[in-house]
Amino acid sequence: MSVLAIPFGFAVYVYSLWVFVCMVVWVGNYNHLVPQEVAAIVPLFPSMDDSATAPLEEAAIVPALVHDAIPLLAFAITHIIMARRWFKQAMERNIYGDRFERSIFVLVASVCFHWMMATWKPVNNLVVGVPAPLSNLLLLGPFLGCLVVLLSSFNLDHFHLFGLKQSLGLRADLSFSATYFYAVVRHPLMLGFFIAFWSTPMMTYGHLLFAVTTSVFIIFTVYVFEEPDLVKALPVEYPHYQKNVWAFCPLSVGYKPINKKKL
């Protein structure tokens, strides 16, 4: 079965990249910028705040928000469960080793996000709007935020993050380092998502639901699961890193590796 890991890993990688591109267009409401020729080849989804959808009647707002919250919660719950070490070990024991585990995780996350974009009901009732010229800058936010996410993934290990290395039977370098984006903020991928999800000149009820839910999910998983796991795995390096580099705000001067001679 391990021979199937390579085509499976590549297929999941291509699919997840397509979902990522769709997310950029969907969150940024960039559909109108996509040429018809490209849209005919690469299927996309209606924008999160689809301008063709009229604001809802007051009585219809809550049911629509509940409808949109279901795939959001499905994404969050599956992500939390499948990212835990005990689940990964169970997957590796029962699904032909570790060459499939990460690709399956990426596949499930991508399917959940695909489902959310495909079934999203825009709730275009306005919460707050931002006037020009700041509104023009906010239009670039989703693109710039997702660019930070993409570049940070290469700073970390892009092909390991998406499961492609594992499917090829390659091992990642898991030694601790903090360079480039990681020298100024501990979680640059999450910072990129914050920028992408909150940057909009017209904050609607639907957009606010998405931004708040994803932000709570990110903060919860980072502080409750991810960072405690990193402290256990790197009991000397990571606490030092935490003291010197902010989690999400890029206000750190620059990370200086710990001097082990002083320990």
Side-chain angles (χ1 to χ4, degrees), residues 9 12-13 16 20 72-113 148-167 169-194 197 213-252 255-258 260 263:
V12 170
Y13 178 71
S16 63
F20 182 80
L72 265 172
L73 292 174
F75 173 85
I77 293 169
T78 55
H79 210 89
I80 290 172
I81 293 174
M82 295 187 72
R84 304 284 63 78
R85 182 174 296 278
W86 60 265
F87 189 90
K88 291 180 180 182
Q89 291 173 343
M91 290 275 287
E92 291 172 4
R93 286 195 302 269
N94 297 297
I95 309 182
Y96 307 103
D98 59 357
R99 294 182 65 175
F100 285 91
E101 182 272 323
R102 184 67 187 182
S103 292
I104 292 174
F105 173 81
V106 172
L107 176 61
V108 172
S110 299
V111 166
C112 287
F113 214 95
V148 170
V149 172
L150 183 62
L151 293 176
S152 298
S153 73
F154 282 101
N155 190 180
L156 184 62
D157 190 334
H158 175 83
F159 297 109
H160 182 267
L161 189 66
F162 281 83
L164 201 55
K165 270 191 173 181
Q166 294 91 322
S167 68
L170 302 176
R171 297 291 179 181
D173 180 9
L174 299 179
S175 60
F176 179 78
S177 65
T179 58
Y180 303 107
F181 286 107
Y182 285 89
V184 294
V185 63
R186 297 203 303 273
H187 303 282
L189 278 91
M190 304 311 171
L191 172 62
F193 284 128
F194 284 144
F197 297 164
T213 304
T214 51
S215 297
V216 170
F217 163 70
I218 288 171
I219 294 170
F220 175 79
T221 53
V222 164
Y223 284 111
V224 175
F225 296 114
E226 185 174 335
E227 293 224 315
D229 287 346
L230 287 168
V231 170
K232 289 180 182 178
L234 302 161
V236 175
E237 295 92 339
Y238 202 78
H240 175 74
Y241 182 52
Q242 286 177 307
K243 291 178 181 178
N244 288 274
V245 179
W246 288 50
F248 303 113
C249 297
L251 300 178
S252 307
Y255 175 65
K256 295 181 180 179
I258 190 169
K260 294 184 178 181
L263 296 180

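All values below were derived from every heavy atom in this structure, side-chain atoms included, with hydrogens, water molecules and symmetry-related copies excluded.
- Considering every non-hydrogen atom in both Tyr182 and Val245, the closest pair reads O-CG1, 4.3 Å.
- Put simply, the side chain of Ile219 reaches to within 4.5 Å of the side chain of Phe194, judged on heavy atoms.
- Using a 4.5 Å cut-off on side-chain heavy atoms (C-beta onward), Tyr241 and Val231 make no contact.
- Note on ring orientation: taking the six-membered ring where Trp is involved, the planes of His158 and Tyr13 are perpendicular (angle over 60°, cut-offs 30° and 60°).
- Between Pro228 and Val224, the shortest heavy-atom distance links the atoms CG-O, 3.4 Å.
- Taking OG1 of Thr221 as the start and CD1 of Ile80 as the end, the distance is 6.5 Å to the nearest 0.5 Å.
- Here the NZ atom belonging to Lys232 is positioned 9.5 Å from the CZ atom belonging to Arg85, to the nearest 0.5 angstrom.
- Looking at heavy atoms from C-beta onward, Phe20 lies in side-chain contact with Val149 at the 4.5 angstrom threshold.
- With Asp98 as the fixed residue, the side chain to side chain donor-acceptor pair (under 3.5 Å) test singles out one of Arg171, Lys88, Arg93: Arg171.
- The line from CZ of Arg99 to CD1 of Ile104 is 13.0 Å long, rounded to the nearest 0.5 Å.
- One finds the CG atom of Leu151 at 10.0 Å from the CG atom of Leu189 (value rounded to the nearest 0.5 Å).
- The heavy-atom pair separating Asn155 from Thr179 by the smallest distance is OD1-O, 2.9 Å.
- Rounding to the nearest 0.5 angstrom, the gap separating the CZ atom in Arg84 from the NE2 atom in His79 is 9.0 Å.
- At least one donor-acceptor pair closer than 3.5 Å links the side chain of Gln166 to the backbone N or O of His160.
- Aromatic pair Phe217/Phe220: centroids not less than 6.0 angstrom apart.
- Summarising the geometry of Val106 relative to Leu161, their closest heavy-atom pair is CG2-O, 3.8 Å, with the distance given to 0.1 Å.
- At least one side-chain heavy atom of Ser167 sits less than 4.5 Å from a side-chain heavy atom of Leu164.
- In this structure, CZ on Arg102 lies 9.5 Å from CE on Met82, to the nearest 0.5 angstrom.
- Looking at every heavy atom in both residues, Thr78 comes nearest to Ala74 through OG1-O, 2.7 Å.
- Within the 4.5 Å cutoff, the side chain of Ser153 has heavy atoms near those of the Leu150 side chain.
- We find that Lys165 and Asp157 are joined by a salt bridge, their nearest charged nitrogen and carboxylate oxygen being less than 4.0 Å apart.
- Under the side-chain contact (heavy atoms from CB on, under 4.5 Å) rule, Pro188 has a single partner from Tyr180, Phe193, Phe181, which is Phe181.
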